[in-house]
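Everything on this sheet refers to the single structure shown next.
Because the structure is a prediction, the values reported are computed rather than measured. In what follows, residues are counted from 1 in the order of the sequence shown.
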Amino acid sequence: MTTILVTGGTGTLGRLVTERLRTDGHEVRVLSRHSRPYAVDLREGGAGLDTALAGADTVVHCATTQRGGDERSAANLVAAAKRAGVAHLVYISIVGVDRVPLGYYRTKLAVEKLVEESGLGWTVLRATQFHDLVVRVVGTLARLPVVVLPAHACDQPVEVAEVADRLAELARRAPAGRVPDMGGPEVRTFASLARSYLDATGRRRAVVNVPLAGKTYRAFRTGGHLAPEHAVGKGTFEEYLAVRFGGGEGGRRG
């Protein structure tokens, strides 16, 4: 039986990875800032992190925040993993971190480099955006009477449960380096995703596409965050909406 530490193990992705690994019979430790017995702030590191890693064979690094500190967290994790003799570090990243000049993406790319240069056995998987992120973004925009979206831009959302399946599979295997990207089954315009969300939630909003400027918008517009050649995901956005909101036309909610 392998001992596996999952950082961010109470989050959207980490929770599902933890469930799958435990179902497979592994001893899984969950590390997060508020989850005992391994309540650790990775940005601070310390003895608690060393305790969490003692005897661990593999680490699946899912912990992240857009408030800053991911690089420091990764550096602390790598140093502690080397002290503990961890054999395999698995990291979940995002498709396009090397092509989209967004601050958070640049941070994810920097963490990838830390993992690759760590001296540990490592695996990095990049995935496209999760369905629930699209819902959060469009839901926020839909608070106004008009949903304003960037023109000529698309997305390729993927089911988080499928990414969890893939991460659990990689954690059970030997280090593989950078593995093929994982994208959702469809490349969709933001407008079509927004309209599907509005239909599923019974909201009436105008959808307006507005051209933007800048390097980040240009990277999104040209598909820097997409992986159409790796559209391996099965669950569609409409299927996700049906489960979350009760079946679209037949189960609308305001």
Side-chain angles (χ1 to χ4, degrees), residues 1-40 42 48-64 73-74 77-78 80-95 108 111-112 115-116 118-133 157-185 227 230-236 239-240 243-244:
M1 180 176 64
T2 303
T3 299
I4 301 175
L5 176 71
V6 180
T7 73
T10 60
T12 301
L13 175 62
R15 174 176 52 81
L16 296 177
V17 173
T18 297
E19 291 174 359
R20 281 146 178 75
L21 291 171
R22 283 178 172 163
T23 298
D24 288 339
H26 300 284
E27 177 188 340
V28 182
R29 302 172 185 174
V30 172
L31 185 146
S32 72
R33 285 180 296 169
H34 306 295
S35 179
R36 297 189 179 279
Y38 304 112
V40 176
L42 280 173
L49 180 56
D50 289 326
T51 299
L53 285 165
D57 304 290
T58 300
V59 174
V60 182
H61 187 28
C62 298
T64 186
S73 294
L77 179 63
V78 165
K82 292 174 73 172
R83 290 194 296 270
V86 169
H88 189 189
L89 175 57
V90 182
Y91 180 56
I92 179 65
S93 190
I94 306 172
V95 171
K108 297 289 282 188
V111 172
E112 284 189 13
V115 170
E116 293 169 8
S118 66
L120 300 167
W122 60 274
T123 301
V124 170
L125 170 67
R126 292 179 182 176
T128 54
Q129 305 295 337
F130 300 155
H131 290 135
D132 71 296
L133 177 62
V158 66
E159 173 56 48
V160 64
E162 295 177 350
V163 178
D165 289 340
R166 178 64 170 144
L167 275 182
E169 176 189 10
L170 293 170
R172 294 191 297 265
R173 295 183 176 184
R178 169 87 185 280
V179 297
D181 294 345
M182 184 172 185
H230 296 292
V232 296
K234 303 298 183 184
T236 67
E239 289 170 341
Y240 171 84
V243 171
R244 178 161 178 175

For residues [X] and [Y], determine if any side-chain heavy atom of one lies less than 4.5 Å from a side-chain heavy atom of the other.
| X | Y | value |
| --- | --- | --- |
| Val90 | Leu125 | no |
| Leu167 | Cys62 | yes |
| Lys108 | Thr64 | yes |
| His88 | Arg173 | no |
| Glu159 | Glu239 | no |
| Val30 | Arg22 | yes |
| Glu162 | Met182 | yes |
| Leu42 | Leu31 | yes |

Minimum heavy-atom separation for [X] and [Y], please, with both atom names.
| X | Y | answer |
| --- | --- | --- |
| Asp132 | Arg244 | CB-NH1, 4.0 Å |
| Gly14 | Val6 | O-CG1, 4.0 Å |
| Gly8 | Ala63 | N-CB, 3.6 Å |
| Ala161 | Leu16 | CA-CD1, 3.9 Å |
| Ile92 | Ala127 | CD1-CB, 4.2 Å |
| Arg172 | Leu21 | CG-CD2, 4.3 Å |

From [atom1] ([X]) to [atom2] ([Y]), nearest 0.5 Å:
| X | Y | atom1 | atom2 | value |
| --- | --- | --- | --- | --- |
| Thr10 | Arg33 | OG1 | CZ | 9.0 Å |
| Asp181 | Thr128 | CG | OG1 | 9.0 Å |
| Leu89 | Leu120 | CG | CG | 6.0 Å |

Would you mind checking if Arg15 and Glu19 are paired as a salt bridge, meaning a charged N to carboxylate O distance below 4.0 Å?
yes

Taking the basic N atoms (NZ, or NE/NH1/NH2) and the acidic carboxylate oxygens, is any pair closer than 4.0 Å for Glu169 and Arg166?
yes

Answer yes or no: is there a donor N or O on one side and an acceptor on the other, between the side chain of Thr123 and the main chain of Ala176, under 3.5 Å?
yes

Only residue of Thr3, Val40, Leu5 satisfying side-chain contact (heavy atoms from CB on, under 4.5 Å) with Leu53 is Leu5

